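Please read the structure below before turning to the comments.
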Amino acid sequence: MAQSYAYRGSDGLIDAMAGRLEAAGLARASEVAAADVVITFCTSQGALEDLYFGEGGVIQSAMPGALLIDLSATTPSFAREMSAVATVSDLALVEAPLVVADVAAADALSRENAACFAAGEADAVTRARPVLEALFGQVSEEGAPGSAQLARAAYTLQLAAQVIGAVEADALFRATRRSVSCGNAGEGERPGGASPAAAQVLEAVAAERFTGAYNAEMLMSALSAAIMAADDVELILPQAEAALHLLELLAVVGGADKSPAALSLVYGDESECAKHGLDWTRAEEVYGAGKHDGEDDYAFEDDGCGCGHDHEHRYDDYEGYDLDDPYGTFSNN
């Protein structure tokens, strides 16, 4: 295994994983140019592009022959582009997008809970395998550049559906218990999880455990990348778009760094949100500021959802997709 690594990207990820790299015999280098391995993780497409291709970025700075391992979520097409540019720059790149088994676990980035898909040129993946095995309990090799990102996108779409489904099932139970017309229907009960992922989220919601190493911003990044991948092949994914909109709302009110289970708070009252550090006045400022007659309720400020993060993808990217009639067409054709 290589003897040194440099890391660039989200501090939260490397804080959770640095000890595993050290135990595997990799010493951390402060400069990309001095590292045998460069590990990266970004939570937006723009940040990833700047990190690799910007002035003084990874492609320019890495030493010849260095191994680049990107753990970010991006599109298959951009992953192929990154790999091609790395190859002509005498570098080896492996896409290894992060996924987690339990998004609501407090230690969601532990080796036992974290996994990755891996793809790239065969020799690069072979070189990366010891590093990936130090970081992740499961490494699934997918094949050529772009294939790991496609597998991750498919995983993310299913995961997001399960998370949202669990949160909405819980919201229905809570609303029913509060309903005078329903008396004590459902009192003392919670919905059962229809899948392991749903059960994990419901358990976290019941325990009011809304903090964790894997946060809403990370899920937003992965879901946004999946939607962009669909856009690349002229496919619209209404359920994923709705899930992203809910995650953006959670981020707006201050929950970007909370576990995805905190989405349940969006369905509660303001006092419950405030108890967990969320502020609905921020949503009023973002969604209400500058609104004029005739504008829809989904309008964002110029910086996207207003939470300060770059999620890249918006409803108005789609020709023919009408927010007032979202189920009118699911295709750009």
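Being a predicted model, the structure only gives us computed values, none of them experimental.
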Polar side-chain atom of [X] near backbone of [Y] as donor-acceptor pair, under 3.5 Å:
X	Y	answer
Ser61	Ala33	no
Asn215	Met218	yes
Arg20	Leu135	yes
Glu81	Ser77	no
Arg28	Glu22	no
Ser147	Ala144	yes
Arg282	Val252	yes
Glu95	Gly120	no

Does a side-chain heavy-atom distance below 4.5 Å link [X] with [Y]?
X	Y	result
Val266	Leu250	yes
Val167	Tyr267	yes
Thr40	Leu71	no
Val201	Val205	yes
Leu109	Asp15	no

Please table the atom pairs, donor to acceptor, closer than 3.5 Å between any side-chain atom in residues 258-265 and protein atoms at least two apart or in another chain.
{"from": "Lys258", "atom 1": "NZ", "to": "His276", "atom 2": "O", "distance (Å)": "3.0"}
{"from": "Ser259", "atom 1": "OG", "to": "Ala261", "atom 2": "N", "distance (Å)": "3.1"}
{"from": "Ser264", "atom 1": "OG", "to": "Ala261", "atom 2": "O", "distance (Å)": "3.1"}

Transitively linked via ILVMFWY side-chain contacts under 4.5 Å: [X] with [Y]?
X	Y	value
Leu13	Leu132	yes
Ile164	Ile227	yes
Val233	Leu244	yes
Leu157	Leu150	no
Tyr7	Met63	no

Check: Run the side chain to side chain donor-acceptor pair (under 3.5 Å) check on Gln158 and Thr156 step by step: do they pass?
Finding: CA-CA 5 Å; Gln158 296 173 76; Thr156 300; over 6 Å; no
By salt bridge (Lys or Arg N to Asp or Glu O under 4.0 Å) - contacts of [X] (at least two apart):
X	value
Arg174	Asp170
Glu272	none
Glu141	Arg129

Quick check: closest heavy atoms across [X] and [Y], and the distance to 0.1 Å?
X	Y	result
Ala96	Cys116	O-CB, 3.7 Å
Ser83	Pro145	OG-CG, 3.5 Å
Ala108	Asn113	O-ND2, 2.8 Å
Leu98	Ala114	CD1-CB, 4.1 Å
Glu217	Thr43	OE2-OG1, 3.0 Å
Cys273	Trp280	SG-NE1, 3.0 Å

Notebook entry, point to check: Taking it one step at a time, do Val131 and Tyr5 satisfy side-chain contact (heavy atoms from CB on, under 4.5 Å)?
Noted result: CA-CA 10 Å; Val131 180; Tyr5 80 95; over 6 Å; no
Once rounded to the nearest 0.5 Å, what's the spacing between atom [atom1] of [X] and atom [atom2] of [Y]?
X	Y	atom1	atom2	answer
Glu168	Phe173	CD	CZ	14.0 Å
Phe210	Leu278	CZ	CG	9.0 Å
Met228	Thr75	CE	OG1	6.5 Å
Ile14	Ile39	CD1	CD1	6.0 Å
Asp36	Leu26	CG	CG	8.0 Å
Leu223	His245	CG	NE2	13.0 Å

Check: Do other residues, nucleotides or ligands put more than 12 heavy atoms under 6.0 Å from the CD atom of Gln239?
Finding: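 Result for CD/Gln239: open.
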Note to self: Evaluate Val37 against Leu67 for side-chain contact (heavy atoms from CB on, under 4.5 Å), listing each step before the verdict.
What the structure shows: CA-CA 5 Å; Val37 178; Leu67 173 64; 4.3 Å; yes
Margin query: Going by salt bridge (charged side-chain N to carboxylate O under 4.0 Å, His left out), name the pairs with one or both residues in residues 192-210, residues two or more places apart or in two chains.
Written below: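 Checked against salt bridge (charged side-chain N to carboxylate O under 4.0 Å, His left out) - neighbours excluded - the pairs reaching residues 192-210 are Glu208-Lys275.
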Next item on the list: Show your reasoning for whether side chain to side chain donor-acceptor pair (under 3.5 Å) applies to Gln149 and Thr74.
Entry: CA-CA 6 Å; Gln149 291 295 349; Thr74 187; 5.8 Å; no
Next item on the list: Tell me yes or no: between the side chains of Glu49 and Gln45, is some donor less than 3.5 Å from an acceptor?
Entry: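 The criterion, which ignores hydrogens and geometry beyond distance, is satisfied for Gln45 and Glu49.
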Item checked: Hydrophobic cluster partners of Met82 (side-chain heavy atoms under 4.5 Å) ->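 Val32, Val38, Leu48, Leu51, Tyr52, Phe53, Val58, Ile59, Leu68, Phe78, Val85, Leu91, Leu93, which link up through side-chain heavy atoms under 4.5 Å apart, make up the rest of the cluster.
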